[in-house]
Structure formats: C-alpha cells, structure tokens
Amino acid sequence: MKGTPKEHKLYNPKMECMSREELRELQSKRLRETVKIEYENVALYRARMDARGVKPEDIKTVDDLRLLPFTQKTDLRDEFPFGLIAAPKSEIVRIQGSSGTTGKPIVVGYTQNDVDVWAEMVARAITAAGGGKDDIIHIAYGYGLFTGGLGAHQGAAKVGAMVVPMSSGNTPRQIMMMKELGATMLCCTPSYATFLGETIREMGIKPEEMRLKSGCFGAEPWSEEMRANLEELLGIDACDIYGLVEIGGPGVAFECLEKHGMHVSEDNVIVEIIDPVTEEPLPYGESGELVFTTIMKTGMPMLRYRTHDICSLDASPCKCGRTHVRMERITGRTDDMIIIRGVNVFPSQIESVLVGMDGVSPHYMLIVDRVNSTDKLGVQVELTNEMFSDTVAEIEKLRDGIKEKIKSVVGISVKVQLVPPKSIPRSEGKAKRVIDNRNI
Ligand code: ADP
Ligand code: ZN
C-alpha cells in the first residue's frame, strides 16, 4: 500500500540484475541461436530472410536485429495451426491460444523448455509484487487456451505458494473462498478485480477482514487512476503484468513495487519500439508499437513480432535493482484506437478522466456512431448509488463536468450519457469498452 516501505524481492537476481553489457552479450548469443533455428526449420522465415538476402551468419549482435523481417498475427493465422513450429512436433507439450479479442483465435505450441521459461517469468512477476512461498495466491484469470489462468498458476506454483486455481466466474463464491482461505494475493484482470472489490463492499465485508496484500493484474489496458481505485477498494498493492501468447504469456513484462513501468524479461526477449507506419526503430522514451523477438523459446520462436500495442520504453535505473528496461503502461492497441473526426482516441484516455471522479463508478462504454457522414462518440458512464438518487440539476452538472474534462483531455466533444448503477455489463475476463456501430 502507499506509504509503506518497499521491500524488493528478486526471484533470479543473476538474470534480473545483470549489467547491461553482459545482458547485451547474452542477448546477442541467444539471438544467433534463435535465428539459426528459425532459418533451418520454418519455411516462412527462410523465405522472408532469403527475400531480403539475409543469412543466419549475418546476424551477429543485437544491432543486426533490424536486418530481420517482421512477423505479425496474420502470419499465425495463415500458418495455422503448426506452420510456424520450429521443433519436432513430438517436442510440443502444450497448446495455448489468444483470448480472441481481435478476430479469429490463433494457437501457439510450447515445448517443455518454453513452459519452464514462461513459469519463471511469472515467478519473477509474483516475487516482484511481494509474493513468495508463504503466500496464498487466488487465481481468477480464466483457465484454458487463454494464457492468464495457467500462466499465473505455473508462476505461483514455482515460487512455492499455496495456489487456489479458481478460474473466472461465480463472483460471490470467489469472494467466499478468498475470505475463508485467507488469500494474500490476487491474480486476475484489473476490471474483474475492481468488480470483485465492489462486490466485497456490497456484501458488507471490510477490506481488513480479508488478508489480501497485493496482486498481479493484466491482460488488458488500465489506467493509473484505475490502479488507485483498485488499491483503495482492496487495500493492496496492485502491480501491472503484461504478456501475449505469441511471445510467452503473462510475465513477458511486469512491475516491481516501485510501480513505475513493467520490467521486460530481457534475458528471454529482445524488445523494440517502432514507428508503426515507417517501421523504423525508435529510441527509448518515444511512443510507438512494441515489437518482440523471443530468444529462449524453442517451440515457436518469434522474430520481430509486431504486437500492435502502443507504449514507450524507459531505461533509467530502478530502485528495485533490476537492470531490465521498463515499458510504460500500454496506452492501447492500434486495433482499439478509435479515430473520431481525425482524432485518435484510446479508451484508456477516457478512463483516466472517469475513474476517481465523484458520483460515477469506474464502469464505462464508448459507443461510436456515424450520423450524416460524421463520427460521433458517445460515452456511457454509470452513476454511483448516491448520485443516482440526487437531483436532476446535480446530475446535469456532473454530466457537463465530465463532457468538459473529456474535451480538455482528448480534444473532441462527446455525448455523455449517465446510466443507472450496474447497467453496464461486467466482465470476468478482458473488459469490452467499445461498441463501434459505424460498419467500416
Ligand atoms: P488477444 O487478446 O489478442 O486475443 P492475448 O490473450 O494473448 O491475445 O492477449 C495479449 C494482448 O493483451 C496484448 O497484446 C495486449 O494488447 C493485451 N495486454 C496484456 N497484458 C496487458 C497489460 N498489462 N496492459 C495492457 N494490455 C495488456
Ligand atoms: Zn523495478
């Protein structure tokens, strides 16, 4: 919680605190090995490298990364299900898939080595959020092809904690189990954690009656305001965790208790930020699209995988002692960005205005319509119970206030609609924040 002194624990100090020079050498060595595996075993990489006139021997250090071709989600769809697998199929011990937020699902094959590397990344994340052997870790991410549940599970098991594999759904039962078993850590999406926190309050349970102290929350974009709200609701430290099935599930990057950006697991992946239009790499500090190259995966390694996630990198030292660069919060995905009358809008910008505002709950929905060839953005926001019973004049004042604040942050006028408490659907996994009726 805010104000309490931070004790930084490390799962693998040798890897997590390695000097930048040593890390670079390790990355270069692992990159050379990965490129060789890809070229020899995956037709798509061989064809793309040949087309560029690049041979595996040309890749000597991390600096040569830019010679390599990019990959993206459509490649996984085109090569579905096993076209990008680099290991003998008998070595694949696990199939995981994307949660299908955008388009048709994809699948990724993991070798035992890949599962072990992934489990360690999550173990590091849990440790960084203050967890360890003595913790009781309640996992409310969905289990299945989606990497959230099993990913958090493997990491929690690796640190030796007592794992409660609840999966998602049945909120009252989740809360009863958390309370009775005395869960000390919670892992789920931030939107579901918020819903759990609100339900705990409604059930008349005080945060002190629970033993929760921290949690790893990710799989969807969330704002700093949402963090403050969640920490207050549950009385915990809420750390961000990031990952994607193509690169190795949650744990690819995670926050330490300093909570100012997620350390990228740089001994396992090489991270770049590129300009999404020119595809040119951008320096640290500049915002652009995240691109990952895996350097420890053997089942389905990925070279320069374009995530469509937008953020920037920070290489300044962190008080926790980790030397790995930090990625700032994901502003959104390029797929989630709505363009309204030429202005780029991310749901997270609207969220930053709404969360923490008196009179409204942190639940919202953006509705995009096209009226007479003009795009209109509507924002539905839920009133709190107290505000709902307030006077019409007060509610109108609140609505105008929200409209003005959104205009000042995003730069466009929106239609704000205040809706009754609980009328916006709650999500047990990744929250849906946008309804686009434009059919474009
Ligand atoms: P998808 O959602 O594309 O079906 P995944 O389940 O593998 O596939 O989810 C990966 C995506 O989830 C990331 O590319 C990113 O957009 C989002 N994501 C994961 N963790 C975070 C996080 N901590 N903050 C913001 N976005 C996240
Ligand atoms: Zn740190």
Side-chain angles (χ1 to χ4, degrees), residues 6-11 13 16-17 72-74 76-77 96-108 118 121-122 124-125 127-130 141-142 144-152 187-191 193 215-224 226-227 238-266 289-292 302 305-311 314-337 346-348 351 427 429-433:
K6 292 166 190 129
E7 190 208 336
H8 292 297
K9 294 195 286 180
L10 294 149
Y11 183 80
E16 294 180 79
C17 304
Q72 51 189 334
K73 207 166 221 160
T74 45
L76 281 102
R77 294 202 182 113
Q96 298 277 172
S98 88
S99 52
T101 314
T102 51
K104 208 173 92 186
I106 50 154
V107 293
V108 178
W118 175 22
M121 291 198 292
V122 186
R124 292 181 191 177
T127 310
Y141 283 113
L145 283 179
F146 168 55
T147 51
L150 276 161
C187 299
C188 62
T189 58
S191 55
C216 298
F217 305 101
E220 64 184 5
W222 52 313
S223 58
E224 219 31 65
M226 180 115 164
R227 178 192 341 244
C239 295
D240 201 355
I241 181 167
Y242 169 92
L244 60 169
V245 61
E246 301 87 322
I247 303 303
V252 170
F254 57 84
E255 273 184 332
C256 63
L257 286 170
E258 292 297 319
K259 297 186 241 176
H260 63 168
M262 296 177 268
H263 290 283
V264 178
S265 216
E266 284 189 286
E289 180 176 344
L290 263 177
V291 173
F292 288 107
M302 299 302 301
Y305 186 71
R306 293 185 59 165
T307 61
H308 290 192
D309 291 327
I310 305 291
C311 80
D314 181 355
S316 65
C318 183
K319 285 199 192 116
C320 71
R322 290 176 182 81
T323 49
H324 296 180
V325 293
R326 300 186 305 275
M327 50 184 258
E328 66 156 26
R329 247 169 214 301
I330 303 273
T331 335
R333 311 182 168 208
T334 45
D335 329 317
D336 262 355
M337 190 179 78
F346 284 105
S348 57
E351 180 178 300
S427 139
K430 299 190 189 220
K432 180 172 167 54
R433 310 282 199 199

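Just follow the structure's listing: the first ligand is 1, and inside any ligand the first atom is 1.
The shortest separation from a heavy atom of H308 to ligand 1 is not under 4.0 Å, leaving the residue out of contact. At a 4.0 Å cut-off, not a single heavy atom of R329 sits close enough to ligand 1 to count as contact. No heavy atom of T147 sits closer than 4.0 Å to any atom of ligand 1.
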**OP:** Begin with the C-alpha distance, continue with both residues' side-chain angles, and end with the deciding distance and a verdict on side chain to side chain contact (heavy atoms under 4.5 Å, CB included) for S316 and R326.
**Re:** CA-CA 8 Å; S316 65; R326 300 186 305 275; 3.2 Å; yes
Subject >> Chi angles and distances behind the side chain to side chain contact (heavy atoms under 4.5 Å, CB included) call for M262, R329 >> reply: CA-CA 8 Å; M262 296 177 268; R329 247 169 214 301; 5.7 Å; no
**OP:** For F254 and R322, run side chain to side chain contact (heavy atoms under 4.5 Å, CB included): C-alpha distance rounded to whole Å, both residues' side-chain angles, the deciding distance at 0.1 Å, then the answer.
**Re:** CA-CA 11 Å; F254 57 84; R322 290 176 182 81; 3.9 Å; yes
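Polar contact with ligand 1: absent for W222 (N/O pair, distance under 3.5 Å). At least one N or O atom of K73 sits closer than 3.5 Å to an N or O atom of ligand 1. In terms of N/O distances under 3.5 Å, ligand 1 is approached by A219.
Across all their heavy atoms, W118 and G248 have their closest contact at CD1-O, 2.7 Å. Counting all heavy atoms, side chain and backbone alike, Y141 lies closest to A152 at CD1-CB, 4.1 Å.
Among the atoms of H260, no N, O or S atom is found under 2.8 Å from the Zn ion (ligand 2). Metal site remark for the Zn ion (ligand 2): H8 contributes no N, O or S atom at a distance under 2.8 Å.
Of the candidates E220, E246, Q96, E255, the one placing a heavy atom closest to atom 27 (C) of ligand 1 is E220. Closest to atom 10 (C) of ligand 1 by heavy atom, among C239, S98, G243, is G243. Comparing L290, I310, D309 against atom 16 (O) of ligand 1, the shortest heavy-atom distance belongs to D309.
Near G218, meaning under 4.0 Å from any of its heavy atoms, are these atoms of ligand 1: 23 (N). Close approach of ligand 1 to K430 (heavy-atom distance below 4.0 Å) involves ligand atoms 2 (O), 5 (P), 6 (O), 9 (O), 10 (C), 11 (C), 12 (O). The ligand atoms of ligand 1 that sit less than 4.0 angstrom from a heavy atom of V245 are 7 (O). Atoms of ligand 1 lying under 4.0 Å from at least one heavy atom of F146, given by number and element, are 6 (O).
Taking 4.5 Å as the limit, every side-chain heavy atom of R306 sits out of range of all side-chain heavy atoms of K73.
Residue E220 forms a side-chain hydrogen bond (donor to acceptor under 3.5 Å, both in side chains) with just one option from S191, S427, S348, and that option is S191.
Ring planes of W222 and F217: perpendicular class, angle over 60° (limits at 30 and 60°).
Put simply, the side chain of E16 never gets that close to the backbone of L10: no donor and acceptor are under 3.5 Å apart. Under the 3.5 Å distance criterion, the side-chain polar atoms of T307 are matched with a main-chain donor or acceptor of L290. A donor-acceptor contact shorter than 3.5 Å links the side chain of Q96 to the backbone of L145.
Counting heavy atoms under 4.0 Å from ligand 1, residue I241 touches it through the backbone alone.
Seen from the Zn ion (ligand 2), atom SG of C320 and atom SG of C256 lie 110° apart in angle, a value rounded to 10°.
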